[in-house]
Q: 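Next up is a structure, given as structure tokens.
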Amino acid sequence: MVAAGFSSFDTMVDKANHVLKEIEHAYGWPKERRKQSYAALRAVLHHLRDRLSVEEAVHFGAQLPTLLRGVYYDGWKPAETPVKLNSEEFFRRVRHDFPYAIEGDTEQLVRTVLHVLESHISEGEWKDLKARMPASMSAVMPS
């Protein structure tokens, strides 16, 4: 637990760190790779957000833990969304924004992050999100 001196902030930091730990565990990374789990989460969140309509992006973002919601919205330009991406373009953009070596491939990285995110989003919102994706993207998302 990180002590910020204010219990609500401490809880937000703990929730964000929990998600990062889940990514590390799922991908088999040690804790020392925290910057990589953060970069993977950030890249996937940003390109997922940009693929959604403004309304869909806001509904999804509202489900994220508070600090991750800030990461999700950081740099967002709603007027430039949605960006139509198939899975290959999505993977390419995530890889561009992930500055570390990848064991396996980008698809495995994306699947790992999406699997972790699914556990922090309501089942109804996740199903709605998946239904709004093109088939190539929906196939990458856990159900």
Side-chain angles (χ1 to χ4, degrees), residues 1-4 8-143:
M1 178 171 184
V2 175
S8 293
F9 287 145
D10 293 342
T11 300
M12 287 186 277
V13 170
D14 287 344
K15 286 181 181 180
N17 274 322
H18 180 73
V19 172
L20 295 173
K21 286 177 191 176
E22 287 180 37
I23 292 169
E24 291 156 6
H25 178 73
Y27 209 80
W29 287 337
K31 181 181 180 183
E32 293 75 32
R33 295 186 70 177
R34 180 62 45 96
K35 289 180 181 179
Q36 290 166 320
S37 60
Y38 172 76
L41 177 63
R42 181 180 175 88
V44 170
L45 280 175
H46 282 187
H47 294 295
L48 184 63
R49 172 203 70 199
D50 291 347
R51 176 62 185 85
L52 300 171
S53 71
V54 172
E55 183 178 353
E56 292 163 347
V58 170
H59 285 290
F60 181 76
Q63 299 261 327
L64 294 169
T66 305
L67 287 180
L68 298 184
R69 197 175 313 138
V71 170
Y72 176 73
Y73 286 117
D74 186 44
W76 188 34
K77 297 177 179 150
E80 296 176 13
T81 60
V83 176
K84 301 296 183 191
L85 302 172
N86 62 29
S87 60
E88 292 304 316
E89 180 65 13
F90 187 86
F91 298 150
R92 189 186 70 69
R93 289 179 183 218
V94 167
R95 183 64 190 113
H96 179 268
D97 290 351
F98 184 73
Y100 300 96
I102 296 178
E103 297 121 19
D105 60 16
T106 306
E107 182 175 344
Q108 179 185 354
L109 181 74
V110 169
R111 284 181 184 271
T112 300
V113 172
L114 291 174
H115 179 74
V116 169
L117 284 173
E118 179 193 24
S119 66
H120 295 276
I121 305 298
S122 73
E123 182 179 348
E125 182 62 32
W126 191 261
K127 285 181 179 180
D128 185 49
L129 174 70
K130 190 171 177 172
R132 294 179 185 272
M133 289 289 151
S136 67
M137 283 292 298
S138 181
V140 175
M141 300 174 74
S143 48

Q: Taking salt bridge (charged side-chain N to carboxylate O under 4.0 Å, His left out) as the cut-off, I'd like each qualifying pair that reaches into residues 134-143, sequence neighbours left out, listed once.
A: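 Of all non-adjacent pairs touching residues 134-143, none passes salt bridge (charged side-chain N to carboxylate O under 4.0 Å, His left out).
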Q: May I have the list of side-chain donor-acceptor pairs in residues 52-71 shorter than 3.5 Å, sequence neighbours left out?
A:
unit_1: S53; atom_1: OG; unit_2: E56; atom_2: N; d: 3.2
unit_1: S53; atom_1: OG; unit_2: E56; atom_2: OE1; d: 3.2
unit_1: E56; atom_1: OE1; unit_2: S53; atom_2: N; d: 3.0
unit_1: E56; atom_1: OE2; unit_2: R132; atom_2: NE; d: 3.3
unit_1: E56; atom_1: OE2; unit_2: R132; atom_2: NH1; d: 2.9
unit_1: Q63; atom_1: OE1; unit_2: S122; atom_2: N; d: 2.8
unit_1: Q63; atom_1: OE1; unit_2: S122; atom_2: OG; d: 3.3
unit_1: R69; atom_1: NE; unit_2: G61; atom_2: O; d: 3.1
unit_1: R69; atom_1: NE; unit_2: L64; atom_2: O; d: 3.4
unit_1: R69; atom_1: NH2; unit_2: L64; atom_2: O; d: 2.8

Q: Under 4.5 Å between any side-chain heavy atoms of L85 and M137, yes or no?
A: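 Counting from C-beta outward, L85 and M137 never come under 4.5 Å.
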Q: Going by side-chain contact (heavy atoms from CB on, under 4.5 Å), name the residues that satisfy it together with E118, two or more places apart in sequence or in a different chain.
A: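 Partners of E118 by the side-chain contact (heavy atoms from CB on, under 4.5 Å) criterion, ordered by chain and then number, come out as H115, W126, P142.
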Q: Between NE2 of H25 and CG of L20, what distance do you get to the nearest 0.5 Å?
A: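 H25 atom NE2 to L20 atom CG measures 14.5 Å (nearest 0.5 Å).
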Q: T112: what forms a side-chain contact (heavy atoms from CB on, under 4.5 Å) with it, not counting sequence neighbours?
A: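 Partners of T112 by the side-chain contact (heavy atoms from CB on, under 4.5 Å) criterion, ordered by chain and then number, come out as A26, Y27, Q108.
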Q: Applying salt bridge (charged side-chain N to carboxylate O under 4.0 Å, His left out), name anything that partners D74, two or more places apart in sequence or on another chain.
A: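 Partners of D74 by the salt bridge (charged side-chain N to carboxylate O under 4.0 Å, His left out) criterion, ordered by chain and then number, come out as R42.
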Q: Please enumerate all residues that pass side-chain contact (heavy atoms from CB on, under 4.5 Å) together with R111, with sequence neighbours excluded.
A: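 Result, side-chain contact (heavy atoms from CB on, under 4.5 Å) vs R111: E107, V140.
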Q: Which residues pass the side-chain contact (heavy atoms from CB on, under 4.5 Å) test with R92, not counting sequence neighbours?
A: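 Here the qualifying residues are E89.
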Q: Tell me, please, which residues at least two apart from H18 pass side chain to side chain donor-acceptor pair (under 3.5 Å).
A: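 Applying side chain to side chain donor-acceptor pair (under 3.5 Å) to H18 gives E22.
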Q: Using the side chain to side chain donor-acceptor pair (under 3.5 Å) criterion, which residues pair with Q36? Sequence neighbours excluded.
A: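 Only R33 meet the side chain to side chain donor-acceptor pair (under 3.5 Å) criterion with Q36.
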Q: Go through the structure and list residues passing salt bridge (charged side-chain N to carboxylate O under 4.0 Å, His left out) with E32, not counting sequence neighbours.
A: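 Applying salt bridge (charged side-chain N to carboxylate O under 4.0 Å, His left out) to E32 gives none.
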Q: Can you confirm whether K130 is buried at NZ, in the sense that more than 12 heavy atoms of other residues, nucleotides or ligands lie under 6.0 Å from that atom?
A: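 Counting other residues, nucleotides and ligands, NZ of K130 exceeds 12 neighbours.
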Q: Taking all heavy atoms of T106 and all of F91, pick out the closest pair and write down the distance.
A: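 Closest approach of T106 to F91: CG2-O, 3.3 Å.
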Q: Tell me every residue that passes salt bridge (charged side-chain N to carboxylate O under 4.0 Å, His left out) with K127, counting only those two or more places apart in sequence or in another chain.
A: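 For K127 the salt bridge (charged side-chain N to carboxylate O under 4.0 Å, His left out) partners, ignoring immediate neighbours, are E123.
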Q: Check whether any side-chain heavy atom of M133 lies under 4.5 Å from a side-chain heavy atom of S87, and answer yes or no.
A: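 Not touching, per the 4.5 Å side-chain cut-off.
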Q: Could you check L48 against L129 for side chain to side chain contact (heavy atoms under 4.5 Å, CB included), going step by step and ending with a plain yes or no?
A: CA-CA 10 Å; L48 184 63; L129 174 70; 4.2 Å; yes
Q: For D97, give me all partners under side chain to side chain donor-acceptor pair (under 3.5 Å), at least two apart in sequence or on another chain.
A: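 For D97 the side chain to side chain donor-acceptor pair (under 3.5 Å) partners, ignoring immediate neighbours, are H47.
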Q: Begin with the C-alpha distance, continue with both residues' side-chain angles, and end with the deciding distance and a verdict on side chain to side chain contact (heavy atoms under 4.5 Å, CB included) for R93 and D50.
A: CA-CA 11 Å; R93 289 179 183 218; D50 291 347; over 6 Å; no
Q: Please identify which of these residues, R34, E24, K21, meets the side-chain contact (heavy atoms from CB on, under 4.5 Å) condition with W29.
A: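 It is E24, the one option of R34, E24, K21 that forms the side-chain contact (heavy atoms from CB on, under 4.5 Å) with W29.
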